[in-house]
Each structure stands twice: as structure tokens, then as C-alpha cells.
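Working notes for the structure below.
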2 protein chains.
Amino acid sequence: MFFSKSFGYALRGVLYVSIEGKEGRKIQIEEIAEQLSVPRHFLAKIMKAVVKKGILNSTKGPYGGFSINKKTLNTKLIHLVELTDGTELFNNCILGLKNCNGKNPCPLHDEIALIRSQLLNKFGKTRVGDLTDEENVNFIKSLAVV
Amino acid sequence: MFFSKSFGYALRGVLYVSIEGKEGRKIQIEEIAEQLSVPRHFLAKIMKAVVKKGILNSTKGPYGGFSINKKTLNTKLIHLVELTDGTELFNNCILGLKNCNGKNPCPLHDEIALIRSQLLNKFGKTRVGDLTDEENVNFIKSLAVV
DNA sequence: CGAATAAAAGACATTAATATCTTTTTAAAA
DNA sequence: TTTTAAAAAGATATTAATGTCTTTTATTCG
Ligand code: FES
Ligand code: FES
């Protein structure tokens, strides 16, 4: 529900690099995939898109890997969702009607719109950096839980 | 987002029969699919499951079709979700972690749990019959919008 | 330069969701 | 009883999401 697996992988990948990649240390896809118990090549594909968006840096070759940049910690979660799932999902009728709007709303529209706006608001405000505080960082270890 | 297409088809189908099938009039799959602009055979498969769950009645043969029963209007939306999507989706970590609980929550857990409980609450309380009041019924015409 | 390393890119595979088509079963009515 | 209509059932097809494998490109270092 809510979002695709790809989104989970993307956010977890970015978080891993953000947390483990302090001081610009470069992290390799191998390590990320292993630590997060995520399919390596699939993650690589997603990380490539993340880099293309400028949310992380990457360098090829020996001693290369993924590293954070100025944008990383300021990236809002919604931008990661865009990347992996698109944003139509915030605007489509929950019943699949073609036009979701106030004009001819389905009977769930109002309450769904409310819930949806909370989610959108949360994802529009929360930044990657907000999820990497000391108090939060514990969870990263549990990412690998199989 | 939120739910599958199947869920939308299921609810819309049940609503159509509930609204158009007053006095026990039987509605045929052909009519439902056409009026809702939904793939006929796919809808048939879903309606079969709805009937199996006892949420609608059906009769084969001439003058047959789908009709409402005592359960129909009292059916909670959550039961339709169960039918089409299952309910794990209300309990899985939004980041894909294996265990979503308070023990070792991901940094989004609390807010997501809140939003999720609203949705669960809404779907656990709302009944099919709540969506078929006069004021709401207008939308049924827009179901067909392509 | 040449070897080694790591991401980028792209081809291919699998699975789950969605969709279509055909056959079987049930029931009504002539 | 035969015909016909309609859902049930099941087989097959398509598409999108997820996952794997191979080749290419860029970078470092000896
Ligand atoms: S019209 Fe259905 S959610 Fe807006
Ligand atoms: S642990 Fe992530 S949503 Fe509960």
C-alpha cells in the first residue's frame, strides 16, 4: 500500500549513504545492497535514477561509490516518490474514476482527500536529513532484518 | 496508490448493483461493465469473488444476474479490501522493513501509523449502504466517464 | 599505457496485476 | 424436454513491477 517497493529501496538507499557516508565517504552499491538486504542490481538501477536527479553523487572506478552532496539532506521525500512512483497517485480517485475533483466527487472523495493531504503534507515537508538524527539512526540497523 | 484497481472495480460494482438493484432487481454483468466502463470479464471474475463472500447474490440463466441481499448494504469497505487486496497492506512498513511495529520503528512509522489508522478506521466503519444515500448517488453517473 | 574497479547502461527473466477468451454449469421459459 | 440466457470456471494473453545478468564507460593506480 501507499508506495512501491522501489520507493522503499530508494529512500533506504539514500538514508544508508547519508548515515554511513559522513565526511563524503563513498559507499559502494555492494555494501548498500548487502546491508539493506535488497537486490543488488535492482537497487543499482534505482540509485542511478537518484544520482541523475542530483540527490546523490556517484563516481566510477576504484574507490568510487555513492556519496552525499549539498542536496542530499535537503531532499524532500516527495521528490523520491516522484522518482519512483510518480505523483499521479496523489491525485487519482481511489475508486478509479477518471476525474478526481470536487465537481463530481465519489462518496469517499472528501475523507480520502483529507488523509491524502496529510500524507502529501508530511512528504512535502520531511527531508532526508530529518530522518538521520541520532535518535532515528537506530533503525538503520534493522533495515537488514530479513 | 492506496488500493488496487480491483478494489475500485469491486466497490463500484457492488455500489452499482445496490443503487440500480432496488427491490431485488437483478443486474447483469454486461450492464454493469458497460455503465462503469470497466473490462467485462475482469469485472466478472471480481464479482464472482464478491458473491462467494456472500456480499451479493447471483443467479444464473435467463433473467439472472446480480442482486443485493441482507449483507450487501451492511458490508464494510474493509471487507471488500480484504477480498481484493488483502489486509497486510495496512500492517506493512512503508519502507519495506520486515517488521513494522513500535519496537524498532522506521523514522516514518509513527506518522504513517496515524494516517493508516485513520484510513483503517474509516474503512472499518463505512458500509456500502452509507455510500448510496440520495445525496451521494449522483456520482454513479460519473462512474462511466472515460 | 594497462590493469583493475566500480557505476552506468542495457538486455533479459520472473512475477504479479490486469485483461480477454472459451467452456461449463445452472436456471428459466417455450 | 429443448432452447436459451446468464454466471461460474478456467485457460490464455498482456502489461507493469520487480529482479538478474552482461557489457560498456569512467576512474584510479601501478
Ligand atoms: S473522486 Fe474519488 S477520490 Fe476523488
Ligand atoms: S516500521 Fe516503517 S512504517 Fe512501521
Side-chain angles (χ1 to χ4, degrees), chain A residues 1-10 12-14 16-17 21 25-34 36-69 81 83-86 88-89 92 95-96, chain B residues 1-10 12-14 16-17 21 24-34 36-69 81 83-86 88-89 92 96:
Chain A
M1 166 151 102
F2 288 160
F3 307 113
S4 67
K5 281 191 170 191
S6 292
F7 166 72
Y9 293 161
R12 289 167 63 197
V14 170
Y16 188 86
V17 174
R25 183 169 88 86
K26 290 171 191 156
I27 315 278
Q28 288 155 24
I29 195 73
E30 194 59 43
E31 174 182 344
I32 308 174
E34 200 167 297
L36 305 188
S37 297
V38 150
R40 184 194 179 289
H41 294 283
F42 191 44
L43 179 62
K45 196 177 291 186
I46 294 168
M47 294 297 274
K48 181 178 64 178
V50 169
V51 168
K52 191 170 260 175
K53 271 275 187 179
I55 294 169
L56 283 178
N57 285 349
S58 70
T59 54
K60 294 181 179 180
Y63 302 90
F66 297 89
S67 54
I68 61 178
N69 60 29
V81 173
L83 194 93
T84 56
D85 301 46
E88 326 77 54
L89 82 183
N92 288 343
L95 294 188
Chain B
M1 165 153 101
F2 288 161
F3 307 114
S4 67
K5 279 192 172 192
S6 292
F7 166 72
Y9 293 162
R12 289 167 63 195
V14 170
Y16 187 87
V17 175
R25 182 169 90 84
K26 290 172 192 155
I27 314 279
Q28 289 155 23
I29 194 73
E30 193 61 41
E31 176 182 343
I32 307 174
E34 200 167 297
L36 305 189
S37 299
V38 151
R40 185 193 176 290
H41 294 284
F42 190 46
L43 180 62
K45 194 176 294 185
I46 294 168
M47 294 296 275
K48 182 178 64 178
V50 169
V51 168
K52 191 169 261 176
K53 272 274 185 178
I55 295 168
L56 283 177
N57 285 349
S58 69
T59 54
K60 294 180 178 181
Y63 302 89
F66 297 89
S67 54
I68 61 178
N69 61 30
V81 174
L83 195 92
T84 55
D85 300 46
E88 324 77 54
L89 82 182
N92 289 342

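Naming convention: chains lettered A, B, ... in sequence-line order (proteins, then strands); numbering from 1 in each chain.
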Q: Examine distances only and state if a side-chain atom of R12(B) and a backbone atom of L36(B) form a donor-acceptor pair shorter than 3.5 Å.
A: yes
Q: Could you tell me whether the side chain of N57(B) and the main chain of V51(B) form a donor-acceptor pair under 3.5 Å?
A: no
Q) Are any side-chain N or O atoms of R40(B) and backbone N or O atoms of E34(B), one a donor and one an acceptor, separated by less than 3.5 Å? A) no
Q: Would you kindly give the CG-to-P distance between N57(B) and dA8(D), to the nearest whole Å?
A: 10 Å
Q | Partner set under side-chain contact (heavy atoms from CB on, under 4.5 Å) for P39(B), not counting sequence neighbours | A | Y9(B), F42(B)
Q.
V17(B) and side chain to side chain contact (heavy atoms under 4.5 Å, CB included): which single residue from I55(B), V50(B), L56(B) fits?
A. L56(B)
Q: Decide whether S4(A) and D85(A) meet the rule of one side-chain donor and one side-chain acceptor closer than 3.5 Å.
A: yes
(Q) Less than 4.5 Å apart, side chain to side chain, heavy atoms only: is that true for I46(B) and F7(B)? (A) no
**Q.** Exam field: side chain Q28(A) to backbone F66(A), donor-acceptor pair closer than 3.5 Å
**A.** no
Name the pairs: protein N/O against N/O of nucleotides 3-9 of chain C, kept only if under 3.5 Å.
unit_1, atom_1, unit_2, atom_2, d
dT5(C), O2, P62(A), N, 3.3
dA6(C), OP1, Q28(A), OE1, 3.3
dA6(C), OP1, Q28(A), NE2, 3.2
dA6(C), O4', G61(A), O, 3.0
dA6(C), N3, G61(A), N, 3.4
dA7(C), OP1, I29(A), N, 2.9
dA7(C), O3', S58(A), OG, 3.3
dA8(C), OP1, S58(A), OG, 2.7

Polar atom pairs (N or O), protein with nucleotides 14-18 of chain D, under 3.5 Å:
unit_1, atom_1, unit_2, atom_2, d
dT18(D), OP1, K5(A), N, 3.2
dT18(D), OP2, S6(A), OG, 3.2

**Q.** Between P of dA9(D) and CD1 of I46(B), the distance in whole Å
**A.** 15 Å
